[in-house]
Amino acid sequence: MTSTATRVLVLNSGSSSVKYQLLDMADGARLAAGLVERIGEDTSRLAHTPLATGGEKRERTGRIADHDAALKAVAEELAADGLGLDSPELAAIGHRVVHGGSRFTEPTLITDEVVAEIERLIPVAPLHNPANITGIRTARALRPELPQVAVFDTAFHTTMPESAARYAIDTETADAHMVRRYGFHGTSHAYVSRKTAELLGKAPEEVNVIVLHLGNGASASAVRGGRCVDTSMGLTPLEGLVMGTRSGDLDPAVIFHLARNAGMSVDEIDSLLNKKSGLIGLCGDNDMREIRRRVDEGDERAQLAFDVYVHRLKKYIGAYYAVLGTVDAVAFTAGVGENAAPVREAAVAGLEALGLAVDADLNAVRSGDARLISPASARVAVAVVPTDEELEIATQTYALVSA
């Protein structure tokens with residue numbers, strides 16, 4: 001890496017999409033951002049925004065055959081803005097990788113061996129790791145000499161003690177099949193817990209934070225002194241909080257019951273719990289804005305969905321309060337956490353004895369800035385901290401290649 005190379009391209013490769021951002025780590029500026037979607041279909045679409053120049057969003061439509069063609073198209077769009085992948089100012093490419101298992105505990109320089117290990121983890125991340133690998137291989141082929149870094153969703157949670165990470169099943173069976181609690185959304189939890197400490201004017205090592213990442217996928221974490229000690233998602237992102245289409249916590253015997261009494265196959269149950277449950281299963285909507293609109297109109301199904309969602313959320317706040325012993329802040333983040341004031345209010349309602357409360361006026365303010373919404377007298381701060389997973393990936397990537 002040359003001393004003038006300060007740019008990092010962040011790639012998030014899905015099964016049929018590629019999200020990307022180009023950032024300059026000299027000042028954290030976003031130079032470009034975009035999305036390629038419906039890869040492999042006749043209706044493929046690339047939307048590119050040249051943020052550095054303040055130009056208008058550009059779109060191209062038509063079939064983009066595969067990830068190789070998608071990344072080449074991204075490279076063309078960046079080059080049109082003078083930000084091409086061949087630029088000497090590009091320091092590295094940072095890849096979001098969903099599952100790093102127990103081995104990858106920090107951002108990792110990508111080698112053939114690392115790719116092989118990510119591939120070995122496909123059984124515990126069958127939907128995500130193959131797509132991540134495809135993006136890595138394609139980007140390495142485009143710029144084989146450029147440092148490329150894998151930043152793992154699971155890495156932040158590898159500091160969990162065994163008492164939190166282990167399921168109470170036969171140890172030999174668990175170890176043979178990598179069955180343990182890994183957790184996800186790790187880059188978001190890392191970023192938000194650190195930013196919450198900054199908001200309180202303290203170092204991360206001095207603060208205990210409960211982070212609530214509430215989007216269509218949702219997870220909670222207990223962070224003690226900057227290190228995760230528990231998180232709600234487990235072997236897969238299905239465990240934990242009620243989500244947009246996922247059930248969250250469930251008696252495992254429900255699966256056996258449905259197989260025996262409803263005649264459902266494993267794949268049908270998998271689809272039910274991941275795609276047809278959670279909020280959409282309870283009321284037919286997975287958008288919290290629409291659910292709140294229906295609640296305000298007196299819709300009983302929407303009210304039930306909201307109540308179940310909040311009940312689970314409140315249980316995790318209480319549980320992680322107990323895990324941490326003392327709590328300095330509860331931080332809400334992601335689409336619902338940042339924007340749904342009624343969810344924040346309801347989640348801490350009745351927890352005044354734990355030092356938790358929100359100020360109604362502060363909670364009602366809509367802002368893109370990190371902020372406190374608790375009364376000045378509150379024993380525990382309640383914060384809204386917009387997450388920035390791309391910046392976190394870029395920061396970790398640049399720190400590694402700079403070192």
Side-chain angles (χ1 to χ4, degrees), residues 11-18 39-40 66-67 95-108 110-140 148-160 162 164-187 189 217 219 228 230-240 243 245-256 258-259 264-278:
L11 293 178
N12 181 355
S13 299
S15 58
S16 61
S17 67
V18 175
I39 295 172
D66 51 29
H67 283 71
H95 296 265
R96 176 189 181 232
V97 179
V98 167
H99 216 305
S102 301
R103 172 176 172 179
F104 295 111
T105 62
E106 55 191 13
T108 303
I110 294 173
T111 63
D112 291 344
E113 180 188 4
V114 169
V115 173
E117 183 66 15
I118 296 171
E119 198 164 30
R120 191 183 71 83
L121 291 165
I122 286 176
V124 290
L127 298 179
H128 297 94
N129 274 27
N132 301 154
I133 291 168
T134 298
I136 288 170
R137 285 178 170 151
T138 302
R140 291 181 80 200
Q148 304 206 24
V149 175
V151 178
F152 298 91
D153 271 12
T154 51
F156 183 64
H157 304 303
T158 57
T159 55
M160 284 192 296
E162 284 292 280
R166 282 279 180 182
Y167 290 113
I169 66 171
D170 173 68
T171 302
E172 290 185 6
T173 301
D175 290 346
H177 298 283
M178 298 183 285
V179 177
R180 62 186 288 117
R181 303 186 65 253
Y182 295 101
F184 300 90
H185 295 147
T187 51
H189 286 277
S219 59
C228 177
D230 206 349
T231 191
S232 58
M233 287 179 168
L235 172 70
T236 75
L238 181 59
E239 186 180 359
M243 304 176 223
T245 66
R246 299 180 193 135
S247 66
D249 290 339
L250 187 79
D251 181 349
V254 169
I255 297 169
F256 317 142
L258 293 175
M264 295 177 70
S265 68
V266 170
D267 288 344
E268 287 172 331
I269 297 172
D270 188 311
S271 177
L272 171 70
L273 299 183
N274 279 288
K275 299 177 181 179
K276 302 174 184 176
S277 296

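Predicted, not measured: the structure shown is a model, and the values here were computed from it.
Interatomic distance, CG of Asp153 versus OG1 of Thr187, reported as 5.0 Å (0.5 Å rounding). Atom CG in Asn129 sits 11.0 Å away from atom CZ in Arg120 (nearest 0.5 Å). Note that the OG atom of Ser17 and the NE2 atom of His67 stand 6.5 Å from one another [nearest 0.5 Å]. To the nearest 0.5 angstrom, Thr245 atom OG1 is 11.0 Å from Lys276 atom NZ. Atom CG of residue Asn12 and atom CZ of residue Arg96 lie 4.5 Å apart, to the nearest 0.5 angstrom. Distance check: Asp249 CG to Leu238 CG gives 9.0 Å after rounding to the nearest 0.5 Å.
Using a 4.5 Å heavy-atom threshold, the side chains of Arg181 and Arg166 count as separate. Contact annotation: the side chain of Met160 never approaches that of Arg180 to less than 4.5 Å [non-hydrogen atoms, C-beta and beyond]. Proximity of His128 to Phe184: side-chain heavy atoms (C-beta onward) are nowhere separated by under 4.5 Å. Contact of the Arg137 side chain with the Arg140 side chain is not registered, since no non-hydrogen atoms from C-beta on lie closer than 4.5 Å. Inter-residue side-chain proximity for Thr108 and Val97 is flagged as unmet; no heavy-atom pair is nearer than 4.5 Å. Annotation: side chain of Leu272 is in contact with side chain of Leu258 (closest heavy-atom distance under 4.5 Å). In this structure, His95 and Val151 have side chains that are not in contact, with every pair of non-hydrogen atoms separated by 4.5 Å or more. In this structure, the side chains of Val98 and Asn132 come closer than 4.5 Å at one or more pairs of heavy atoms.
Residue Ser219 comes nearest to Ser232 through the heavy atom pair CA-OG, 3.3 Å, listed as atom of the first residue, atom of the second, then distance. Ala150 approaches Ile118 most closely through the heavy-atom pair CB-CD1, 4.5 Å. Of all non-hydrogen atoms in Gly101 and Thr158, the two that sit nearest each other are O-CG2, 4.0 Å. Of all the heavy atoms in Ile269 and Ala259, the pair that sits closest is CD1-N, 4.0 Å. Smallest separation of non-hydrogen atoms from Pro237 and Met243: O-CE, 3.1 Å. Of all heavy-atom pairs spanning Thr154 and Gly183, the tightest one is CG2-O, 3.1 Å.
Put simply, the residue from Val115, Leu121, Thr138 that forms a side chain to side chain contact (heavy atoms under 4.5 Å, CB included) with Ile133 is Val115.
Residue Glu162 qualifies as enclosed at atom CD: its count of foreign heavy atoms under 6.0 Å is above 12.
Judged by distance alone, with hydrogens and angles left aside, the side-chain atoms of Asn274 form no donor-acceptor pair with the main-chain N or O of Arg246 at under 3.5 Å. No donor-acceptor pair closer than 3.5 Å links the side chain of Ser271 to the backbone N or O of Asp267. Remark: the backbone N or O of Leu235 is paired with a side-chain donor or acceptor of Tyr167 at under 3.5 angstrom.
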Inset, instruction - Evaluate the side-chain contact (heavy atoms from CB on, under 4.5 Å) criterion for residues Val179 and Thr173: first the C-alpha distance (whole Å), next the side-chain angles of each, then the deciding distance (0.1 Å), finally the verdict. - result: CA-CA 8 Å; Val179 177; Thr173 301; over 6 Å; no
Inset, instruction - List the steps, then state whether ring-ring contact (aromatic ring centres under 6.0 Å, His included) holds for Phe104 with His99. - result: CA-CA 9 Å; Phe104 295 111; His99 216 305; over 10 Å; no
